[in-house]
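These figures come from a predicted structure and were not determined experimentally. All chains are named by letter (A, B, ...) in the order of the sequence lines, taking the proteins before the strands, and each is independently numbered beginning at 1.
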Amino acid sequence: MSAAERTRIDRYEPATIEPRWQRRWAELDLYETDLTDESRPKYYLLTMYPYTSGNLHIGHWYAKSPTDAIARFHRMNGENVFLPIGFDAFGLPAENAAIKNKIHPRQWTLSNIENMRRQLRSMGATFAWKSEVVTCDPDYYRWNQWIFLRFLEAGLAYRASSPVDWCPNDGTLAREQVEGADRHCWRCGMRVVKRELDQWYLRTTNYADELLDFSAIEWPESVRIMQTNWIGRSEGAEVAFTTEPDESRPGGDELRVFTTRPDTLYGATFMVLAPEHALVPKLTHSHRKAEVEAYVAAAGRETEIERMSTERPKTGVFTGSYAVNPVNGERIPIWIADYVLAGYGTGAIMAVPAHDERDFEFARKFGLPIRRVIAGPEVTDAEVAAPMETAFVSHGTEERMVNSGPYTGLPAKEGFASIVAMLEKQGKGKASVNYRLRDWLISRQRYWGTPIPVVYCDSDGIVPVPDDQLPVRLPEKVDYAGRGDNPLKSDAAFVNTTCPRCGGQARRETDTMDTFIDSSWYWFRYLSPSDSNAPVDRKVEARWCPVDQYTGGAEHAVMHLLYARFFTKAMADLGLVHEREPFKRLFNQGQILGADGERMSKSRGNVQDPDELVSRFGADAVRLFLMFMGPWDQGGPWSPTGIGGISRFLNRVWYAALDPHGVDAGDAESGMLPAGQDRAAGERALRTAAHRTLRIVSEEYAKMRFNTMVAHLMELSNLLQRYRGTAAAGTKAWNEAIRLMLLMLAPCAPHIAEELWSRLAEARGEAWSSIHTQAWPAVDEAAATENEREVPVQVNGKLRDRVMVPVGIGEAELERLVLARPKVVTALDGKAPLKVIHAGGKLVNIVVR
RNA sequence: GCCGGAGUGGCGGAACUGGUAGACGCAGCGGACUUAAACUCCGCGGCCCGCGAGGGCGUCAGGGUUCGAAUCCCUGCUCCGGCACCA
């Protein structure tokens, strides 16, 4: 097609058509969901709401374009789709910006939201904007407070003093918000230190076992494994040792330990207590006092990083006391060492150096005895007696017990059970389960979050703020005064209040809630965003929950996704909701990295701005390109080089739809039907291709395989291109193929599909009705079936020929045909076939010797 | 160290449940159109040998199972994600 001819019809100009349709769709409320509509099945689709950083980057588009395509696909398939959007609007960056630019966090956040709304709209996505929630809105966070008060009443929230992870920027952190071997803050990267503080906790550990049960949800295995590991359930036993009396002390104190290896109890040669263990002062012998106190003090000063490093050699000191092993009455020394953690189990262990690597290292260093009590099936008596070079940790049905009194000779697994039973009988222990999971520390020492709704009264202690006084609002005027400190603390008008119980003077809690509280129930709020009676409308929730499909990044596997499950279960137990799982299906999309393969960040200067791409190529091209890049769960480095190919594809669709008879200049063949084809054959080929594509594409939308879905649309477009300008163009079959192409394109490239749809309707003189309200087309199976098929022919597994055969051909017939092929005859080289394999009509393999 | 996942052309990637490796696209090359360029269109394209027909090799490496392996099994290497002394 020459330039002159091309101007005969309008060019494809995304910059003019896209905003026009976006406006039109919004005017028509095309994507607002009627939550009361019960005539169609519901489909609750949720994408993780963005943090209000101010700008969307290409990663947001990568996450949200396919999500929007899913929404549109399901809507076309007759479901009532709800795809809400909102903003995660509390958090430290707002405060940092406030300090730096002297702008109020609220103002910073709200203006960022304005910009992000504009950017999100430019995607042309089907978000139900009228259901939007913004978490820094008092109408939202008052329900954080309300739910917190219900948790408090139910004993699910409590205040406790313990050593906590403290980040100089973010204040205290939950356990899962501290990352890496160097123990840094997940958000700002600062190293954390330990501090002893009074803080608020939520009892996530109450739900440890239920959180391990994933039977009601379909989540990626990797996430389930991560959560399982994070919860870290260990089955074992608690064993009571008793302290020995000596010349200065009476003894008789009970020292309980947790062990996962009761089968090794005869191998315990010493005990180790965490330096913080309550019995340490009492057990310290007078002549060891100085040394022990110095060690405890040093351990207290150390940062977590030093203490937790596995590289560091073991340290510890002897207390001077001894304990008695309940199974054999043996007297073993009690040590303290910082490799034993105060916060896990009982804060004390029995050390079995022969069968635990850490205890082994410690015993070696301090010359403590190492006694083997478990041996593998091949180990001889002589070897059992020989000194050990490493700890032997395996214990299954193969391994047997040695040096274990009456248990000697038993398989380790049996010994485990027998010893636990014996301990229980004698009252010296019991089977016990421990979890790595800790309760969720939610207190944060900063301004821009939800105030924790309690006051402290000198006479009444901790008093919850009554419901009718909610929300406890953040004061508008904030004085940062240049300190990194929480400005609420120095805000007298906020802090000083009266006790709701006695009316006397009281102080408000100045800590605010972890922002993960906000995201732990936000999808419930989307269902009734302005309900002023309850956080969740149970009627609507009953119909719409759980979320059918949740999409978002894998980085939230053990934080947000675990908190959300905990909240849902706790809220269900409080009768606030019906469902015990928040998200039925989860999909983790991959992450888009910078062109350098590194995480996109302003400081690296590798951030791709989507606005710029949209103005150059159009939203449809950007969306399609992101979907085409590769599997959605894979992500990868950003490279814009391929986007031109997508533009070309959309252009070809444009001209095929509007100008079927146009022929582009090319070689002499163009504009002619393929050799041997008449118009009818061309039409048949078009119909077959269109319906086969529809069959595959429908499946790929459902399976979220967008990259191959786009590839198949391109194949169909290439075929249309071949017939464009031929006698088959503009025929009924051609128009059908175009129609199917537009319908298939509609979920992923909504603007161009709508534009062409409306132009074609106009050309036919029909009234417009949006392509996005059309039903997904049905495959014409008769058209999609071909009557000939190509069968590859192998000789000894090597491809030698291909034959076209009628579809229903019998094996004998096919075999005769194949053996007569010249290429096959040559390949056989006169040898007689030993065996002929028909792989279900898909392939023929002739085996010769 | 432990637990996951992945290694396929110059690049992104495709290949159903063991059955034609490299779909689709990018970059590249040749051609048409153009005064010219861009755009657009037609064609070529794993590597090696060959004018060609064709042949040999080829999915991280090495071994195995099978008529047949990118796909299954064993051993090793590399990369990515998670965990960080949890007794």
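Within the shown strands, nothing qualifies as a pairing partner of B:G18 under the Watson-Crick or G-U definition with both distances less than 3.5 Å. Partner assigned to B:C51 is none, using Watson-Crick or G-U wobble distances below 3.5 angstrom. The partner of B:C83 is B:G1, judged by Watson-Crick or G-U wobble contacts that both fall below 3.5 Å. Across all strands shown, B:C24 forms a Watson-Crick or G-U wobble pair, both distances under 3.5 Å, with B:G12. In this structure, B:C39 makes no Watson-Crick or G-U wobble pair, since no nucleotide meets both defining distances under 3.5 angstrom. The base-pairing partner of B:A6, taking Watson-Crick or G-U wobble contacts with both distances under 3.5 Å, is B:U78.
Remark: the A:Gln794 side chain and the B:U20 base include no donor-acceptor N/O pair separated by less than 3.5 Å.
Nucleotides B:G13 and B:G7 place their P atoms 10 Å apart, quoted to the nearest Å. Distance noted for atom P between B:C60 and B:G43: 32 Å (whole Å). Taking atom P in both B:G64 and B:G58, the straight-line distance is 14 Å, to the nearest Å. If you take atom P in B:C83 and the same atom in B:G28, they sit 42 Å apart, rounded to whole Å. Between B:U65 and B:C73, the distance separating the two C1' atoms is 7 Å to the nearest Å. The P atoms of B:A87 and B:C72 are separated by 33 Å, rounded to the nearest whole Å. Separation of the C1' atoms belonging to B:G22 and B:G12 is 13 Å when rounded to the nearest angstrom.
Taking the six-membered ring where the residue is Trp, the centroids of A:Trp335 and A:Phe362 are separated by under 6.0 Å.
Looking at A:Arg695 and A:Glu699, no side-chain N of the basic residue comes within less than 4.0 Å of a carboxylate O on the acidic one, giving no salt bridge. A salt bridge links A:Glu389 and A:Arg364; the closest N-O separation between the charged side-chain nitrogens and carboxylate oxygens is under 4.0 Å.
A:Lys798 has a side-chain polar atom (N or O) that falls below the 4.0 Å cut-off from OP1 or OP2 of B:C57.
The A:Ile349 side chain lies nearest to B:A87 when the options are B:C16, B:A87, B:A14. Taking only side-chain atoms of A:Arg652, from C-beta outward, the nucleotide of B:A15, B:C41, B:G4 with the closest atom is B:C41. Out of B:U20, B:C26, B:G82, the shortest distance to the side chain of A:Leu843 is found at B:U20. Closest to the side chain of A:Gln634, from the set B:G13, B:C85, B:C16, is B:G13. Closest to the side chain of A:Arg705, from the set B:G19, B:G13, B:A15, is B:A15.
For A:Asp596 and A:Asn606, the side-chain atoms include at least one donor-acceptor pair closer than 3.5 Å. Between the side chains of A:Tyr723 and A:Gln677, a donor-acceptor pair is found at a separation under 3.5 Å.
Of all the residues in residues 709-720 of chain A, A:Ala711, A:Met714, A:Glu715, A:Asn718 reach under 4.0 Å from RNA chain B with at least one non-hydrogen atom.
When the P atom of B:G1 is taken as reference, atom OH of A:Tyr339 falls 21 Å away, rounded to whole Å.
Within 6.0 Å of the CD atom in A:Glu221, the count of heavy atoms belonging to other residues, nucleotides or ligands does not exceed 12.
Cation-pi check for A:Lys314 over A:Tyr339 is met; the charged atom lies under 6.0 angstrom from the ring centroid and within 45 degrees of its normal. Judged by the 6.0 Å and 45° rule, A:Arg648 forms no cation-pi pair with A:Trp654.
Map A:Glu221 and A:Lys835 each onto its nearest nucleotide of RNA chain B; the residue landing nearer the 5' end is A:Glu221.
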